[in-house]
Visitor: 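Would you mind keeping the following structure in view while I ask a few things?
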Amino acid sequence: MTATATSVRIPLSEYARILGQGEIEELRALARPLEGRSIEMINSTSVGGGVAEILIRLLPLAEELGLKMQWDVMSGGEEFFEVTKAFHNALHGAPYHATPRDFEIYTAFSELNRKQLPLDAEFVVIHDPQPAAMIEARRRNGNHWVWRCHIDLSHPNQTVWDFLESYVAQYDGSIFSSPAFARRLPIPQYLFYPAIDPLSEKNCELEPRFIAGVLERYKIDPNRCILTQISRFDRLKDPVGVIKAYRIVKRYFDCQLVLAGGSASDDPEGAVVLKEVLREADNDPDIKVLELPAWAPLEGNALQRASTIVIQKSLREGFGLTVSEALWKKKPVVASAVGGIPTQVIHKQTGLLAHSVEGTAYQIRFLLSHPEIAAKLGESGHLHVKENFLISQKLKRYLTLFLKLSNRH
Amino acid sequence: LTTFAETPFQFCAVSQLTRIGNQSASTIEELGKALSECSDASIFHHTFQTLSAHHFLTENFSNDFAQWAMADANRNDLGELLASLDVRDYVSIPVLRSDLCRIVNEYCGAFPEFAKQAALERFYFCEGVEVTIPLGLQAWTLEEFRQGIEKLSHDGFYFHFISSRLRLQLLTNDFSQWLANGLGLKTLADTINKIDIYTNTLDSTRAKILRLIDRERRKT
């Protein structure tokens, strides 16, 4: 069974307030030749994850521009999602021995979905590896198909990639989040950055009273420096490294550290990492380890807005959109030079990059010593996000791609 | 008395798509080789197009090659040389490519020990794909022209003011061209053409142009 997901409706006029009327008029002009034409977006989940989060918001904007955009979610049983999760990790480079049975399960569920999903829109956009085999339903000389890959394919498991590539090569084009994540393919590859929605609860403006309330609830002193990393409790986000960097900074500056992430209660690995973090924190009253519920984005927003510096000390990263969230709030950011982070943090222009615990501590100390430079980086970071990583830009890129594919411009 | 141009100025909506290329470089020497082989669209993307995407950086940002030389290859001296190229001096991509290659190759010749040193991150060559559509907005008079400039998006403004040089094959821009030829305002056209885009953001450049137009309107 397929499910059609529901979307969040914010009119374009609200975005004009932030982006300027010129940007909205441009979107309208680009959309005009595409008016009434159909687009089908397909992914594998209607809730949770960055893809669903962005599609929920993209759909109503596209509709307001006159496009007939539809979002369908493919269906799959437990065994299908077990296989695709293993594929996902393997494509990220994790060790994995694929069996013929794995490929049979993938193929069988793909066949089932090809019968259930419409797949007849003029432009079909398939998100990630799970529904990649939908391309086999393409009619000859029919519609335009694009594969949107949200994951890093730079070091994939070769067996899984070879299997997937046989489908991907049939598309009209592919989209990656970074040139470093792409593969050599016989089809055009386009660069679309992931995006944040400036009007979502994660990023919208907040009343100072609300922010003060959140700080009070978590016993964070608003009158002292606040260093924050907002990330799930995952070793690849290096929360223990963040505490070590904080301890170095603490020798020179009176500061507090906030480590806030999603609840670890339903994530066995997260619970282990959380324990490691608490052990490293060693009951330091200035280290606040917070488990934020996923349904409380306003709290994360408030914590970022209250921060003096936002840290993202990942050891490995996809694109790392929490960086853009902090930059949008004009916060100075100190982050690791991994994954998509250097695209967002242009060193010494929109933030500072580091490669170690000591380097992270040094950059934080530098910014605390030079608040005027910190403020300037925050301002430039905000403009960088406005220009490159907002949902409006993403919509514009899709419009441009559809125009290019249909050659009607 | 309002002056009308014989042909109106047509404002455009513009969007850039980035296509990921198959070339990359991990050393300065490899960068030099790839620079000589990559497409014109790639040179355009990493010089003209990137300036539009990073227009708000008014210090030490000029083009992607210079940024990579400084931040990833850790060669500030090469970065400075590459950053000193002003895209507005170029009306043809082959000439710009030739200057980029010359700088990188001369550097490799002078500092062979640095030419083969691995950079922190690879440089990935991409290409710009531009789509333009009439915005449905045109100007016959200076007043209408001012209103149009005010309504343009960043990309539209950049298209008319900066990348138009490549289209026109002249050291001028769409705005100045129309002001001089359409309305006979050569002095205003020249003054606008001299605005330094490297030390101004697109917003501050636009504000300067609007101020200059206002001054001209007061004169008449």
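Chain letters run A, B, ... following the sequence lines, proteins first and then strands; every chain starts at 1.
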Visitor: Can a side-chain donor-acceptor contact be found between B/T47 and B/N63 if the only test is distance below 3.5 angstrom?
Guide: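 No, no side-chain donor-acceptor contact under 3.5 Å.
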Visitor: Taking the ring of A/F176 and the ring of A/H150, is the distance between their centroids below 6.0 Å?
Guide: no
Visitor: Using a cut-off of under 4.5 Å on heavy-atom pairs, state which of B/E121, B/R122, B/H55 scores highest against chain A.
Guide: B/H55
Visitor: When the aromatic ring centroids of A/Y190 and A/F192 are compared, is their separation below 6.0 Å?
Guide: no
Visitor: Could you tell me which of B/V14, B/D72, B/L120 has the largest number of non-hydrogen atom pairs under 4.5 Å with chain A?
Guide: B/V14
Visitor: Can you tell me which portion of B/Q67 sits under 4.5 Å from chain A's heavy atoms? Options are side chain, backbone, both or neither.
Guide: side chain
Visitor: Would you please indicate yes or no on a ring centroid separation below 6.0 angstrom for A/F366 and A/H370?
Guide: yes
Visitor: Answer with side chain, backbone, both or neither: which region of B/L152 has an atom nearer than 4.5 Å to a non-hydrogen atom of chain A?
Guide: backbone
Visitor: Quick check on B/E150 against chain A: is it the side chain, the backbone, both or neither that has a heavy atom closer than 4.5 Å?
Guide: neither
Visitor: Can you list the steps and then say if B/F123 with B/F125 is a ring pair (Phe, Tyr, Trp, His ring centres under 6.0 Å)?
Guide: CA-CA 6 Å; B/F123 186 94; B/F125 282 78; 4.9 Å; yes
Visitor: Assess whether ring pair (Phe, Tyr, Trp, His ring centres under 6.0 Å) is satisfied between A/F181 and A/F319, documenting all intermediate values.
Guide: CA-CA 10 Å; A/F181 295 175; A/F319 195 75; 7.5 Å; no
Visitor: Please classify the contact of B/R19 with chain A as side chain, backbone, both or neither, using a heavy-atom distance under 4.5 Å.
Guide: both
Visitor: With chain B as the partner, which of A/A337, A/A180, A/S380, A/A29 has the greatest number of non-hydrogen pairs under 4.5 Å?
Guide: A/A180
Visitor: Where does A/E387 contact chain B at under 4.5 Å (heavy atoms): side chain, backbone, both or neither?
Guide: side chain
Visitor: Just checking, any donor-acceptor pair under 3.5 angstrom between side chains of B/E143 and B/T141?
Guide: no
Visitor: Quick check on A/R32 against chain B: is it the side chain, the backbone, both or neither that has a heavy atom closer than 4.5 Å?
Guide: side chain
Visitor: Is it the side chain or the backbone of A/T350 that comes within 4.5 Å of chain B heavy atoms, both, or neither?
Guide: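 The answer is the side chain of A/T350.
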Visitor: Between B/L137 and chain A, which part of the residue has a heavy atom less than 4.5 Å away: side chain, backbone, both or neither?
Guide: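 Looking at B/L137, nothing touches chain A.
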Visitor: Taking every heavy-atom pair that is under 4.5 Å apart, which of B/I20, B/T18, B/N22 has the most such pairs with chain A?
Guide: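 Most pairs with chain A among the choices: B/I20.
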Visitor: Does a donor on one side chain sit under 3.5 Å from an acceptor on the other, for B/R75 and B/Y107?
Guide: yes
Visitor: Counting only heavy atoms not in B/R217, do more than 12 sit closer than 6.0 Å to its CZ atom?
Guide: yes
Visitor: Please flag which part of B/A71 lies under 4.5 Å from any non-hydrogen atom of chain A: side chain, backbone, both or neither.
Guide: neither
Visitor: Heavy-atom pairs under 4.5 Å with chain B - which of A/L399, A/I24, A/L383 has more of them than the others?
Guide: A/L383
Visitor: Looking at A/E25, A/Q21, A/H384, which makes the most heavy-atom pairs under 4.5 Å with chain B?
Guide: A/H384
Visitor: Look at A/S178, A/G20, A/P188 and state which one has the largest set of heavy-atom pairs under 4.5 Å with chain B.
Guide: A/P188
Visitor: Give a yes or no on whether the ring-centroid distance for B/Y158 and B/F48 is below 6.0 angstrom.
Guide: no
